[in-house]
A.B. asks: 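Below is the structure I would like to discuss, written out as structure tokens.
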Amino acid sequence: MSPAVLYRRLPGEGLDAFIAGFRKAAGHDPFGTVFIAPTASLAREVVRRLGEEGVPLVADAVTTLAGIARKIVSEHAARETLIPAAGSRLIIARLIAGGDYPLLSGAGAVDELAILFSVLTMRKVDYPAALGDLQGAKSAEIAALYRTYTRFLDEHRLIDESTLTARAIRLLSGDFRTVYVYGLFEPMPLERDLLLALRESAEEFFYAIPCAANPAVFADDGGWLHPDEIIEGKQTSAVAGLFSRGPPGDYRGLIRIAERRDRIDEVRAIAQEIRDLAAAGVRPGDIAVAFPDLDGAAPYVDEVFPDFGVPCTVSVGRPLSASPLVQALLSVLAAPARGYRRSDVIALVTSPYLPFTRGSELDILSREARIVAGTWDERLVALAANLDEQPEPEAARDRIAEKIAAIEAARITIRRLFADLATLEGAKTIPDHIAAYRLLLDTWRAPVMPGGGEPDLLDDEARDLAGFTRALAELEELARLLPGDKVPLSEFFSLIGTLTVGSRAGRRRNRNAVQVIGIREVPHISVPYLFIAGLVEGEMPRLTTRLPFLTDAETRRLGTRSKDDVLREERYHFIAALLAAQSRVYISYPAADDSTPLVRSGFVDAVREAFAPETWGNSDFPDSRLARAGRAGALLARGEAANPPGLTVREAVCRLNIENYHRKGGYDSPYDGLIGDDTAIAGRFGEEAVFSATALDTYADCPFRFSMEKVLGLAPLPPADPDLTAQERGNLVHRVACRFYAGWRRDGNGPVTEAGLPDALRRIQATGREEADRFTFTSPAWVAEKEHLLGSPAAGPGLLERFLRHDADMAASGLIPQAFEVSFGLPVSPGEVDLLSVPDAVAIPLGGETLRLRGRVDRVDVLPDGRFAITDYKTGSRHPVLKDIRAGKALQLPLYMRAVETLTGMQGVAGTYYTIRRGDVRNRPVFWDKAMKDCFGCFPGSQQSGVEDIRALVEGSLARAGEYLAGIRGGRFPPRSDAGPCPVYCGFKTICRFDGLRLITAGGEVNADGTD
Ligand code: SF4
């Protein structure tokens, strides 16, 4: 056994001397000298320093403990194969897929089992015996899988990352004559065994253990090494005594603390501080930013640092699964593996990395066709057929024909795409799956890499692609070792997913840039300026002790790590990070994560109490391009001079005018929809134009919305709703009610009465079932919807029954349902609409001009004397009331009444809205002739809606319609001027003057002086 010298040192202390000792020994014996560091970051740093001194090094002479184990195994076990972490996961996944471990399946199981096996190995746990009386079916299954897994490794001569250490211990035989170990904190039992084995076989063994007079943190004094000599450190530090109620130190200059609003604000403050440091002459390479959760923080850094022009390099590449390019490549497998789900197929066809065009069109059509998964062609055919059946006016036929052609084109695209993807389907061996996948990507010439753009982004994409290609090759390699049985595509897809989660892309290295690293990589690295950010509970300290798949009691029984052990380790990393900073440490934490408040780390309080540090940072970000643009925008809005970045003077002046003049005060500019006389508009909406009552109601509510819909033809993206939409629900109820009454009346029946109710009920239920069966939905929501329509013992009477019962209750009014779906200005299909229907629009005189109206009246009820009431069925929760009609905001009922009068010569006496929805089935007159109380008094809520002069009311609406026509033809489309809120369904909120974000920015986020 070699003599071992143990150095007890503060973190970072004596590193130079250790490196110097190593350099000297390596000079004499380059192949027999090794330097072991606790992290890959420190190993790289030592190599860098030696490289700068021109010291030649043997590969892996400076490495981590895992690195040295790898070196030993690769030199002594040529026939064995070392597999990466992703490889372990693949083997575990394949073993579980065999179906012998039913208790261990489920999302995330593979990852958790891999972690558990690693802990059991590294901590030398005798599992499941160590559980004692806590053993059960689950632990038996885990143990069986663990045994099968290790047997599999042995049989196939494989070594994974945790069995690597044990294997290295067995293979070690005097490879290293001089061993330097620096800075390992509390090595695990198997790691200690390797260190002791190294000591045993070496001639000289030097071990520097992080140590300080602070038992709350530094509990390992290296006694387990049985050193021959112990050399105590000379340095002391109040920072090393943190958490131990030592005497407070004066670190006001060295340590500063800031609370920031949220995570993005925190990273912005750091970026600004770095810019300030750079302005004072500090080199970016002398600055490091450490996060407890580097993967979580990296996207913020990626977004913010370029905005501030801060060059940076992140110490680890991002997981492949987070790369947009890799996600696009995975979507190729996801689509067939998950049954051609809409979201997967649309992700595939809209990805810029895959060679498809018209993906957006397919997105819209698939939403309209209500595609969820699988039956794409069937649903697209149904969408086209549905469009073809729509009784649209002649003018709309071209548009519909175009749309049907687009659907046909989409069907061809989908057919070809699915034929390509079908080559991936079925059960194949893993190499065959990989071959089919590669062949398809080659056929498509995918991925499509951008020809130009942001250099860093292009670099990232190239690295992601290389990482993915490597991962695929690794899988292919591993697959040769796995049993060659066939696996379904879904399992192959899941294996690739596992692989991309566990693999990282390469990273950009740049010593001259700011180093962004995980806080657990910082110890011993000497850095002049260090930011420690994201210090919130749960991330630092991260006190998870429970092992995957085990309860707290089981974890305790295994005696792996207690909460105290974990806290001690977290405290150590924090102290070691603080000690790494040479000139200054900036500590910070976000107060919230979006709107969720966060609890700051107790470590921040410990620093505050011990050192009373100063604060840092402010709310001004002069070096942010975004902030500068915001300020320039604020100055422009106030009409003050500004030099906005990236704008010509002409553009700036134009925006100044728009913001400061055209979009302020009353509506008076084209930017607020006041287009004025325009021949195209006048032509399109002139004398011959046909209007619907809905279009006029839209104009009445908001002319701007009318112009978006009817002038520009814009429409919000349809919802990707797999169930009945509000419109479909309305159409269904309309069709059932119309078909029922048309048949009922044709057979010579009058109104539905108590006596006729059973027969009427039977007939309407039959119609309801028939209409509902036209929909092919299978979701539970649709099953429930149907039950509410038709009724069931569980749901009680359905809507249709309640509708008829209400009609029977109202039969006393004397009104007889007479005509249904009376249409005008729409194509007339015999048998589909009422005999009163005409294909031409109804011409309604409006003083000096004529309104050509189209529409469909749901129902006309007639009194024996020929006077009538019109009814509109509503399935929504709101409908206009008399006040809206008087205000000219709801023209539908008055216009329809006048249209029916024109068609029949009869006199209208009432307009009603018939609500047919869950919880509310009622026919309410919105206006009725007050002289006819005998007829309408029995209707619910009729007390408030009697009108003295129905004719005057209708004439008032017609006068408003005339004004609206003049407004439309005159090109006047301002946003609504109502004091009330805009309707929630308005899809144009983000482009009109009342865009919520625009208002917030104008009134809140940007101050009068242009700061935000
Ligand atoms: S948000 Fe209001 S004002 Fe703007 S378009 Fe919609 S309804 Fe009109």
A.B. asks: Indicate the ring-plane relationship of Tyr572 and His524, choosing parallel, tilted or perpendicular according to the 30° and 60° boundaries.
C.D. replies: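 Aromatic pair Tyr572/His524 classed tilted.
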A.B. asks: What residues form a salt bridge (Lys or Arg N to Asp or Glu O under 4.0 Å) with Asp193, not counting sequence neighbours?
C.D. replies: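 For Asp193 the salt bridge (Lys or Arg N to Asp or Glu O under 4.0 Å) partners, ignoring immediate neighbours, are Lys124.
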A.B. asks: Between Thr33 and Pro30 (side chain of the first, backbone of the second, donor and acceptor by atom type, cut-off under 3.5 Å), is there such a pair?
C.D. replies: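 Not a single qualifying donor-acceptor pair exists.
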A.B. asks: Measure the spacing between CZ of Arg542 and CG of Asp293 and express it to the nearest 0.5 Å.
C.D. replies: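 With rounding to 0.5 Å, CZ (Arg542) is 7.5 Å from CG (Asp293).
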A.B. asks: Mind listing the closest non-hydrogen atom pair of Cys312 and Val516 along with its distance?
C.D. replies: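 It is CB-CG2, 4.0 Å.
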A.B. asks: Please enumerate all residues that pass salt bridge (Lys or Arg N to Asp or Glu O under 4.0 Å) together with Glu537, with sequence neighbours excluded.
C.D. replies: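 Per chain and number, Glu537 pairs via salt bridge (Lys or Arg N to Asp or Glu O under 4.0 Å) with no residue.
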A.B. asks: Indicate whether any N or O donor in one side chain lies under 3.5 Å from an N or O acceptor in the other, for Glu266 and Ser588.
C.D. replies: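 On atom types as modelled, these side chains qualify, holding a pair under 3.5 Å.
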A.B. asks: Can you name the residues that form a salt bridge (Lys or Arg N to Asp or Glu O under 4.0 Å) with Asp29, not counting sequence neighbours?
C.D. replies: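 With neighbours one apart ignored, the set is Arg177.
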A.B. asks: Under 6.0 Å from the six-membered ring centre of Phe243 and within 45° of its axis: does the NZ or CZ of Arg571 meet both?
C.D. replies: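 Pair Arg571/Phe243 counts as cation-pi.
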A.B. asks: Can you see whether Glu191 engages Thr165 through a side-chain donor-acceptor pair at a distance of less than 3.5 angstrom?
C.D. replies: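 No, because no side-chain N or O of Glu191 sits under 3.5 Å from a partner of the opposite role on Thr165.
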A.B. asks: Whether Glu80 and Arg167 form a salt bridge (side-chain N of Lys/Arg under 4.0 Å from carboxylate O of Asp/Glu) is what I want to check.
C.D. replies: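 Salt bridge between Arg167 and Glu80, a charged N being under 4.0 Å from a carboxylate O: yes.
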A.B. asks: For residues Thr163 and Asp160, is any side-chain donor paired with an opposing acceptor at under 3.5 Å?
C.D. replies: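 Yes, a side-chain donor-acceptor pair sits under 3.5 Å.
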A.B. asks: Return the orientation label for the Phe18 and Phe35 ring planes: parallel under 30°, perpendicular over 60°, tilted otherwise.
C.D. replies: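 Perpendicular.
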